[in-house]
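Lettering follows sequence order; numbering is per chain, from 1.
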Amino acid sequence: MADKTDKSDKQDKSQKHKGTEKVKRGLAQMLKGGVIMDVTTPEQATIAQEAGAVAVMALERVPADIRKEGGVARMAAIEVIQRIMDAVTIPVMAKARIGHFVEAQVLEALGIDFIDESEVLTPADEHYHIDKRPFTVPFVCGARNLGEALRRITEGAAMIRTKGEAGSGNIVEAIRHLREVTGDIRRLTTLSEEEFVAAAKDLGAPVELVREVAEAGRLPVVTFVAGGVATPADAALCMQLGAEGVFVGSGIFKSANPAKTAKAIVEATHYFDDPKVVLEVSKELGAPMPGLEISQIPKEQLLAGRGW
Amino acid sequence: MSSPVIGVLGLQGDVEEHLVMLARLKVDARRVKTAHELADVDGLIIPGGESTTVGAMLNRFGLTKPLLERVGNSMPVWGTCMGMIVMAEHVVDSEQPTLGILHIDVTRNAFGRQVESAEVPLTIAGLGGKPFPGVFIRAPWIERARDNAKIMASLDGKGVMVRQGNLLGTSFHPELTDDPRIHKLFLDLVERARPALAAR
């Protein structure tokens, strides 16, 4: 094929390599600087797209409602996801339970663009996360610290997000996790060669990956923040602390004015380093989603502790 | 003349990947988010990202008009994937706002959803050496090219790279590879356009 002299449009289809690490991580790279919004209906998905979301997360219930209603939270109904996929042109993500690789297979067969192996749903396996490498579709996973992030990347995650505390409307946990990850990476960059093995042991991650992160000074995949973003200022705070983009769950459609809040959070994320823009977009938004004090949430109802 | 400055539109998308490639080529490259920053560059790259997001932001933050003025003064612009969509005259089955500077019709997500995203070697007209490593991510293709817009590479019988004077568009992402040939091609366009751009 290589010495073919005629035009490339005759190239054999078998030369296409789908689902490579590069194209899986690559989609996350295209989402950088953007906002991914939780939606439960095609109408919400359209509002999100018009506001400038780079992707939507198709759900049956937003985390705030999952929290309120309790019970087992599973992958969303296929019809719900399908209708949302039909409504927008931006990428559509959906959640599978931790360790539930068959939910992931079903979502891949449906043609979803990204799977979130998410602690917001009830875990299906208490020991193992999904082996994400054989999948053609990319995965995003939550992490509270560098060790968790590196273990998920080792399993094949193409994108990492902080866990935060989903559905809380409280940014404090997301900030804690983001600072854990970025602080741990900074410390890695100061280590000498003989210290990597001990660091890898402490982090519970392969030494090659630890060395790669130390040399690059960053994770090899895109890192977003999630769990508790409720205002444009929350989004800009995360971006200034080094997040590469933002997931907003309940923060949009549990606010008084979803369309305006969605647009404001998008603009604050793009212009996170310009307080004048953040000021402008924060005006007259109405009430944000109600927030929860983390210490008031019963321990067994905290979501961030799921996964390891 | 001092060395040229390349801007990468920095509202959203894989901005850093272009900046890293340009740094490797020892080029003065910077992120452009405002009309003020746009005025200081000799050429602009519009990176990969989401075209509905960035297309709307260009208008909201007053970048469209100064950008069109500079293109009118023959500033080179190169769009990768989303960038090419934002530059196109027409997006098939869509009303989304674009700059309309590249005389092409593009179809978004033309190869399918993410599971169809792929790496594939490409033969590019005028580019010597081995095939170019094409990285296609929810990529668009060029349905039609008009006037002086010329297709430079194709895949599945559809255009995936186009050149129109000082404007360049690729469906794929050279910034996600280690191959600098298309970035060098763009730098050549910028070098050649500079005397004319400076004279305005």
May I ask you to test the Lys16(A)-Asp156(B) pair for a side-chain heavy-atom distance under 4.5 Å? yes
When the 4.5 angstrom heavy-atom criterion is applied to Gln96(B) and chain A, the contacting part is neither
Less than 4.5 Å apart, side chain to side chain, heavy atoms only: is that true for Val137(A) and Arg113(B)? no
With only heavy atoms counted, which part of Ala55(A) is less than 4.5 Å from chain B, the side chain, the backbone, both or neither? neither
Within-4.5 Å side-chain heavy-atom neighbours: His17(A) and Val120(B): no
Per-residue tally against chain A (heavy atom, under 4.5 Å) across Val160(B), Asn109(B), Ile137(B) peaks at Ile137(B)
For atom CG of Asn148(B), decide whether the heavy atoms of other residues, nucleotides or ligands shown that lie under 6.0 angstrom number more than 12. yes
Proximal component of Leu176(B), with respect to chain A [non-hydrogen, under 4.5 Å]: both
Which residues, numbered in order, of residues 215-224 of chain A come under 4.5 angstrom of chain B by heavy-atom distance? Arg218(A)
N/O donor-acceptor pair under 3.5 Å between Ser117(B) side chain and Val23(A) backbone: no
Please say whether more than 12 non-hydrogen atoms of neighbouring residues, nucleotides or ligands are located less than 6.0 Å from CG in Asp147(B). yes
Pairs where residues 94-105 of chain B contributes a residue and the test salt bridge (Lys or Arg N to Asp or Glu O under 4.0 Å) is met, not counting sequence neighbours: Asp105(B)-Arg144(B), Asp105(B)-Arg146(B)
Examine whether an atom of Val115(B) lies under 4.5 Å from a heavy atom of chain A, and if so say whether it belongs to the side chain, the backbone or both; otherwise answer neither. both
Taking atom CD as the centre, does Glu284(A) end up with more than 12 heavy-atom neighbours from other residues, nucleotides or ligands that are less than 6.0 angstrom away? no
Are any non-hydrogen side-chain atoms of Glu119(B) and Lys18(A) less than 4.5 angstrom apart? no
How far does NE2 of His270(A) sit from CG of Leu11(B), to the nearest 0.5 angstrom? 6.5 Å
Counting only non-hydrogen atoms closer than 4.5 Å, does Val92(A) touch chain B with its backbone (N, CA, C, O), its side chain (CB onward), both, or neither? both
What part of Phe172(B) gets within 4.5 angstrom of chain A, counting heavy atoms only: side chain, backbone, both, or neither? neither
Contacts with chain A made by residues 59-71 of chain B (heavy-atom distance under 4.5 Å), listed by residue number: Arg60(B), Phe61(B), Leu63(B)
Within this structure, what is the CD-CG distance for the pair Glu244(A) and Asp14(B), rounded to the nearest 0.5 Å? 11.5 Å
Just give me the residue among Ala51(A), Gly34(A), Pro91(A), Ala53(A) that pairs up with chain B most often, heavy atom to heavy atom, under 4.5 Å. Pro91(A)
Any non-hydrogen side-chain atom of Lys33(B) less than 4.5 Å from a side-chain atom of Tyr271(A)? yes
Minimum side-chain heavy-atom gap Thr89(A)-Glu50(B) below 4.5 Å: no
Comparing Lys130(B), Glu16(B), Met57(B) against chain A, the one with the most heavy-atom pairs below 4.5 Å turns out to be Met57(B)
Starting at OG1 of Thr53(B), measure out to CD1 of Ile90(A) and round the result to the nearest 0.5 Å. 6.5 Å
Honestly, the part of Thr177(B) sitting under 4.5 Å from a heavy atom of chain A is backbone
Residues in residues 24-32 of chain A that sit under 4.5 Å from chain B, counting heavy atoms only: Lys24(A), Gly26(A), Leu27(A), Gln29(A), Met30(A), Leu31(A), Lys32(A)
